[in-house]
Each structure stands twice: as C-alpha cells, then as structure tokens.
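Here is the structure we will look at, set down as structure tokens.
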Amino acid sequence: MAAPSGGVNCEEFAEFQELLKVMRTIDDRIVHELNTTVPTASFAGKIDASQTCKQLYESLREAHASRDRVIKNCIAQTSSVVKRLREEREKNLDDLTLLKQLRKEQTKLKWMQSELNVEEVVNDRSWKVFNERCRIHFKPPKNE
C-alpha cells in the first residue's frame, strides 16, 4: 500500500505506527499471497507464475519504497523539531516545560529511528519468502 495522499501525521507516534501497520499488509500476507497465486509443480501449467511473481515483485518494491519515504520523512521532521527545541532550551535553561517537550520529542525520534530497523527485518523476511517461491519463475533486474 502506498502512503496516503493527504500526507503523514508525524506528530503522534501512535498514528505513525498505525499507518506503518496498514502499509505493511502486503508483507504480512506474502506467504498467503504466494500460496494462492504461485502454483506448485503439479499445477504449474495452469497459471502464469512468472507474471504473478513479477507483479508481486513490483508491489513489494513499491510498498517498501513508500514506507521508507514515510519513515525517513517523519524522522527528518522530528529531527528538525528536536533541533529547534534544543536551540530554544539553550537560550532558556530554566524552562522546565521546554525541557519536558524536548525529552518527549527526543524519545519519539528514537522510536521512529527504531522503525527503520523493524522495516529492515520486515523487508528481509518478505524478500526471503518471495525468493523461495519465485526464484524459478522470475528473475528481478540486476540493477535493483
């Protein structure tokens, strides 16, 4: 699933995580998708597995790229908020509300950065399953 056209709300981490969960649907269902669309050897003549694998390959690439953009965009936005709050904090060391807000944004930034690690695991798992089932039916272009 591609990122929503209305933009992404990076301010609320729970909404950010929910969006990623929805966007990861293709990865969560890849085993089922491959089992229902890529034939076993006994049914190989009835379905064009190479076309099915090619379509799934394109869908996975698009989904992974879209999620990567969303995560990195939110990290960039949150990083700029942290930077701004740090600069304000340096000017006003006695403002405890500002310190609290800075800590909150720093924590959110760490959580968003950890989503990059989660994304790597999800993507690796999906490509492993894809390659196990599609390697004899479809060869991805070498430059990707």
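These numbers come from the heavy atoms of this one structure, side chains and all, not from hydrogens, waters or symmetry mates.
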*Considering all heavy atoms of both residues, which atom of Arg133 and which atom of Asn35 are nearest to each other, and what is their separation?*
NH1-OD1, 2.6 Å
_Give me each pair satisfying salt bridge (charged side-chain N to carboxylate O under 4.0 Å, His left out) with a member in residues 28-37, each pair once, sequence neighbours excluded._
none
*asked:* With heavy-atom distances below 4.5 Å as the criterion, would you say the side chains of Thr97 and Gln101 are in contact?
replied: no
*Cluster partners of Val122, using ILVMFWY side-chain heavy atoms under 4.5 angstrom, listed by chain and number?*
Val118
*asked:* Going by salt bridge (charged side-chain N to carboxylate O under 4.0 Å, His left out), name the residues that satisfy it together with Lys128, two or more places apart in sequence or in a different chain.
replied: Glu132
_Neighbour count above 12 (heavy atom, 6.0 Å) for Gln55 CD_ = yes
*asked:* With a 4.5 Å cut-off on side-chain heavy atoms, are Asn73 and Gln77 touching?
replied: yes
*Enumerate the residue pairs fulfilling disulfide (SG to SG under 2.5 Å) with a member in residues 69-107, sequence neighbours excluded, ordered by first and then second residue.*
Cys10-Cys74
*Given the rule that I, L, V, M, F, W and Y join up when any side-chain heavy atoms are under 4.5 Å apart, are Val81 and Trp111 in one cluster?*
yes
*Over all heavy atoms of both residues, which pair between Ile75 and Leu109 is shortest? Give the atoms and the distance, please.*
O-CD1, 3.7 Å
*Going from NZ on Lys110 to CE on Met112, what distance comes out if it is rounded to the nearest 0.5 angstrom?*
14.0 Å
*Please round to the nearest 0.5 Å and tell me the distance separating atom CD of Glu15 and atom CG of Asn9.*
4.5 Å
*Look at the aromatic rings of Trp127 and Phe130 and report parallel, tilted or perpendicular, splitting at 30° and 60°.*
perpendicular
*asked:* With heavy-atom distances below 4.5 Å as the criterion, would you say the side chains of Lys100 and Lys104 are in contact?
replied: no
*Is the closest side-chain heavy-atom distance between Thr52 and Phe138 below 4.5 Å?*
no
*If you look only at pairs with a residue in residues 92-134, which of them pass as a disulfide (SG to SG under 2.5 Å), with sequence neighbours excluded?*
Cys53-Cys134
*How many angstroms lie between atom OG of Ser59 and atom NE2 of His64, to the nearest 0.5 angstrom?*
10.0 Å
_Please say yes or no: joined through hydrophobic side-chain contacts below 4.5 Å, possibly via intermediate residues, are Leu116 and Phe16 part of one cluster?_
yes
*Going by the salt bridge (charged side-chain N to carboxylate O under 4.0 Å, His left out) test, which pairs reach into residues 81-93, not counting sequence neighbours?*
Arg84-Glu88
_Glu119 CD to Ile71 CD1 distance, which is reported to the nearest 0.5 Å_ = 4.5 Å
*Which is it for Leu98 and Leu96 under the side-chain contact (heavy atoms from CB on, under 4.5 Å) test, yes or no, and what are the steps along the way?*
CA-CA 5 Å; Leu98 191 59; Leu96 293 178; over 6 Å; no
*asked:* Would you say that Lys108 contacts Val82 through its side chain, given a criterion of any heavy-atom pair below 4.5 Å between the two side chains?
replied: no
*Could you tell me whether the side chain of Arg125 and the main chain of Asp27 form a donor-acceptor pair under 3.5 Å?*
yes
*Hey, could you give me the CE/CZ distance between Met23 and Arg69, rounded to the nearest 0.5 Å?*
8.0 Å
*Could you tell me which non-hydrogen atom of Ile30 sits nearest to which non-hydrogen atom of Ser126, and how far apart they are?*
CD1-O, 3.5 Å
*Tell me, do Leu85 and Leu99 make a side-chain contact under 4.5 Å, heavy atoms counted?*
no
*Just wondering, do Asp68 and Asn123 contact through their side chains at under 4.5 Å, heavy atoms?*
no
